[in-house]
Colleague: 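For reference, the structure I am asking about is given below.
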There are 2 protein chains.
Amino acid sequence: MAEGSNSAMGGENLLFLTDEQLRKGIEAMFFAYRGFTADPDRILDAHGYGRAHHRALHFINRTHGTTVNNLLNILGVTKQSLNRVLRTLIEDGLVESRVGRKDRRERNLFLTEKGDTLERALSEAQRERMRAAYRAAGPQAVAGFRLVLEAMMDDEIRRQYLNMRDRRT
Amino acid sequence: MAEGSNSAMGGENLLFLTDEQLRKGIEAMFFAYRGFTADPDRILDAHGYGRAHHRALHFINRTHGTTVNNLLNILGVTKQSLNRVLRTLIEDGLVESRVGRKDRRERNLFLTEKGDTLERALSEAQRERMRAAYRAAGPQAVAGFRLVLEAMMDDEIRRQYLNMRDRRT
DNA sequence: CAGTTTATGTCAGCCTTGTTGACATTCCAA
DNA sequence: TTGGAATGTCAACAAGGCTGACATAAACTG
């Protein structure tokens, strides 16, 4: 009977919106996010870094030469908070900060080779879990997964997310 | 660690597993989780609480009379960390801690009426966003969403998650 | 019963990563 | 050329993770 259970009753396509179904979705998000961060966390820990470092490395790698201000918008933290993380990454030689050419108030951020190496290790660990989940769930599930996640974002963030151009599809 | 590692190169049914697709999925998780927590965070902030309090309230509500130890397993934090949060909730009269009947070493945790009120406000805000996302994405997407999330959890956690019996509301 | 294990709570102290405030530098427009 | 806006840095504080040590009470075991 599990099958046609969606459209069976009066609410038609709303039957899956019971509080119970929603609660399951909420808990799934909570537990899945833990898994999602678990593998990089282990690597980071071994290097004495935290999740904040990972996020910085990810988005610097993603948009070479990005400015601090741009990074702030994406990460949604204060500049002071980001700066602390950025400083250690620069001191440790993972990130290079170059004074902007056009506007010398800006700093353009790049990964060094060392930074790139760590970023690859982190993202590969995370991709590996994502890949396994995608394989287990199948292509159609993946499409649904992305749709729901996108619908869950704040409007402004979703706009940014969708506008980030793909690098080599 | 192949360089241009494009996992799609060989198999047609793996076409969606390019590094680029995986990266998009990773970023979608990151941004969506922010949205997922944004509404409760605002409410919590107004009450002087944090996310840790929300998690405790959620799972106490979800499993009335649960023990401290059980909560520790679900939340995946140390008892010192949980205790700090629990203590303030008890002091503030949101949670009641009763000595266990069967085993008097245990403490069974319950929400008071006040605790229930806050929990409802928090979960309703979160459900509302989830509901909107589900509506926007459609039933089929929701099924995929849940499948991928479940596949992303750590094995032990997934086992717990799946075993949590439904409370038919 | 004596000794051990289990469940819980508490104190102290550390770390990461948020926050706000103050301030220096640079750019730009009036 | 000067004042305001933008950008980034330094300092200090708070939340909430963590570990370690220890206390208590109850349960279990030989």
Side-chain angles (χ1 to χ4, degrees), chain A residues 30 33-34 37-38 40-60 65-92 95-110 122, chain B residues 30 33-34 37-38 40-58 60 65-92 95-110:
Chain A
F30 172 62
Y33 199 77
R34 278 234 299 261
T37 55
D41 279 356
R42 273 187 284 272
I43 298 174
L44 288 160
D45 197 59
H47 288 253
Y49 294 130
R51 244 176 243 182
H53 299 85
H54 184 188
R55 294 197 281 264
L57 290 173
H58 176 101
F59 285 106
I60 293 171
T66 186
T67 64
V68 172
N69 215 2
N70 185 32
L71 214 45
L72 288 182
N73 289 331
I74 293 171
L75 295 176
V77 297
T78 58
K79 61 182 177 172
Q80 294 90 332
S81 191
L82 173 60
N83 189 257
R84 185 196 299 121
V85 166
L86 229 37
R87 196 190 320 159
T88 73
L89 291 175
I90 292 168
E91 280 168 5
D92 295 352
V95 168
E96 196 191 338
S97 166
R98 298 184 205 150
V99 171
R101 287 193 189 176
K102 204 186 60 189
D103 185 335
R104 294 199 334 225
R105 291 172 302 182
E106 294 181 344
R107 300 289 180 276
N108 295 116
L109 303 170
F110 303 86
L122 292 168
Chain B
F30 172 64
Y33 198 78
R34 279 234 298 262
T37 55
D41 279 355
R42 273 187 285 273
I43 298 173
L44 288 160
D45 198 59
H47 288 253
Y49 294 130
R51 244 175 243 181
H53 300 86
H54 184 187
R55 294 195 282 265
L57 290 174
H58 176 100
I60 292 171
T66 186
T67 65
V68 173
N69 219 354
N70 185 33
L71 213 45
L72 288 180
N73 290 331
I74 291 171
L75 296 177
V77 297
T78 59
K79 64 173 178 176
Q80 294 91 332
S81 194
L82 174 60
N83 191 256
R84 185 175 19 207
V85 166
L86 226 40
R87 197 189 319 163
T88 73
L89 290 175
I90 291 169
E91 280 169 4
D92 295 353
V95 168
E96 195 192 336
S97 166
R98 299 185 205 149
V99 170
R101 286 192 190 177
K102 205 188 58 190
D103 185 335
R104 295 200 332 223
R105 291 172 303 181
E106 294 182 342
R107 299 289 180 276
N108 296 118
L109 303 171
F110 302 87

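Chain letters run A, B, ... following the sequence lines, proteins first, then strands; residues in each count from 1.
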Colleague: Among residues 95-107 of chain A, which contact DNA chain D at a heavy-atom distance under 4.0 Å?
Modeller: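 Result for residues 95-107 of chain A: A:Arg105, A:Glu106, A:Arg107, sorted by number.
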Colleague: Any side-chain heavy atom of A:Asn70 sitting closer than 4.5 Å to one from A:Phe59?
Modeller: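 The answer is no, as the side chains (C-beta and beyond) never meet within the 4.5 Å cut-off.
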Colleague: Anything under 4.0 Å to a heavy atom of chain B counts; send over the first and last such nucleotide of DNA chain C, read 5' to 3'.
Modeller: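 So the outermost contacting nucleotides come out as C:dT6 to C:dC11.
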Colleague: Check salt bridge (Lys or Arg N to Asp or Glu O under 4.0 Å) between B:Arg51 and all other residues, then give those that pass, not counting sequence neighbours.
Modeller: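 For B:Arg51 the salt bridge (Lys or Arg N to Asp or Glu O under 4.0 Å) partners, ignoring immediate neighbours, are B:Asp41.
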Colleague: Of all residues at least two apart in sequence or in a different chain, which pass the salt bridge (Lys or Arg N to Asp or Glu O under 4.0 Å) check with A:Arg101?
Modeller: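 Checked A:Arg101 against salt bridge (Lys or Arg N to Asp or Glu O under 4.0 Å); zero matches.
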Colleague: For DNA chain D, determine which residues of residues 69-78 of chain A have any heavy atom closer than 4.0 angstrom to one of its atoms, and list them numerically.
Modeller: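 Result for residues 69-78 of chain A: A:Asn69, sorted by number.
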Colleague: Only one of A:Leu86, A:Val95, A:Thr88 passes side-chain contact (heavy atoms from CB on, under 4.5 Å) with A:His53; say which it is.
Modeller: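 By the side-chain contact (heavy atoms from CB on, under 4.5 Å) criterion, A:His53 pairs with just one of A:Leu86, A:Val95, A:Thr88: A:Thr88.
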Colleague: Using five pairs at each end of the helix from C:dC1-D:dG30 to C:dA30-D:dT1 to define an axis, what is the angle between those two axes, to 10°?
Modeller: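 Between the first-five-pair axis and the last-five-pair axis there is 10°.
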Colleague: In sequence, state the C-alpha distance, the side-chain angles, and the governing distance for B:Arg107 and B:Val99, and then conclude on side-chain contact (heavy atoms from CB on, under 4.5 Å).
Modeller: CA-CA 5 Å; B:Arg107 299 289 180 276; B:Val99 170; 4.2 Å; yes
Colleague: Give me the first and last nucleotide of DNA chain D, going 5' to 3', that has any atom under 4.0 Å from a heavy atom of chain A.
Modeller: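 With heavy atoms of chain A under 4.0 Å away, the range is D:dA5 to D:dA12.
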Colleague: If you take all heavy atoms of B:Ala52 and B:Val85, which pair is closest and at what distance?
Modeller: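 Taking B:Ala52 first and B:Val85 second, the nearest heavy atoms are CB-CG2, 3.6 Å.
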Colleague: Under the side-chain contact (heavy atoms from CB on, under 4.5 Å) test, which residues partner B:Arg34, sequence neighbours left out?
Modeller: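 In terms of side-chain contact (heavy atoms from CB on, under 4.5 Å), with neighbours along the sequence ignored, B:Arg34 is linked to A:Ile157, B:Phe30, B:Phe31.
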Colleague: Distance-only check: which donor-acceptor pairs under 3.5 Å involve side-chain atoms of residues 73-82 of chain B, not counting sequence neighbours?
Modeller:
unit_1, atom_1, unit_2, atom_2, d
B:Thr78, OG1, B:Ser81, N, 3.3

Colleague: If we ignore hydrogens and angles and just use 3.5 Å, is the side chain of B:Arg104 paired with the main-chain N or O of B:Lys102 as donor and acceptor?
Modeller: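 No, the answer is negative, given that no donor and acceptor are paired below the 3.5 Å cut-off.
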Colleague: Taking all atoms of both residues into account, what is the closest heavy-atom pair of A:Leu122 and A:Pro40, and its distance?
Modeller: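 Answer, listing the atom of A:Leu122 first, then A:Pro40: CD2-O, 3.7 Å.
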Colleague: Measure the spacing between CD of B:Glu96 and CG of B:Leu89 and express it to the nearest 0.5 Å.
Modeller: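 One finds 13.5 Å between CD of B:Glu96 and CG of B:Leu89.
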Colleague: Could you check which residues of residues 81-89 of chain B get a heavy atom under 4.0 Å from DNA chain D? Sort them by number, please.
Modeller: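 Here the set is B:Ser81, B:Arg84.
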Colleague: Quick one: does A:Thr66's side chain get under 4.5 Å of A:Asn108's, heavy atoms only?
Modeller: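 No, too far: nothing below the 4.5 Å cut-off.
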Colleague: Using a 4.0 Å cut-off on heavy atoms, which residues in residues 49-59 of chain A reach DNA chain C? List them by number, or say none.
Modeller: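 Listed by number, they are A:Gly50, A:Arg51, A:Ala52, A:His53, A:Arg55.
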Colleague: Taking the side chain as C-beta and beyond, is there a heavy-atom pair between B:Leu71 and B:Val68 under 4.5 Å?
Modeller: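 Contact flag for B:Leu71/B:Val68 side chains = no.
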Colleague: Tell me every residue that passes side-chain contact (heavy atoms from CB on, under 4.5 Å) with A:Arg87, counting only those two or more places apart in sequence or in another chain.
Modeller: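 Listed in chain order: A:Asn83, A:Glu91.
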Colleague: Got A:Tyr49 and A:Leu57 here, is their nearest side-chain heavy-atom distance under 4.5 Å?
Modeller: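 No; the side chains remain at least 4.5 Å from each other.
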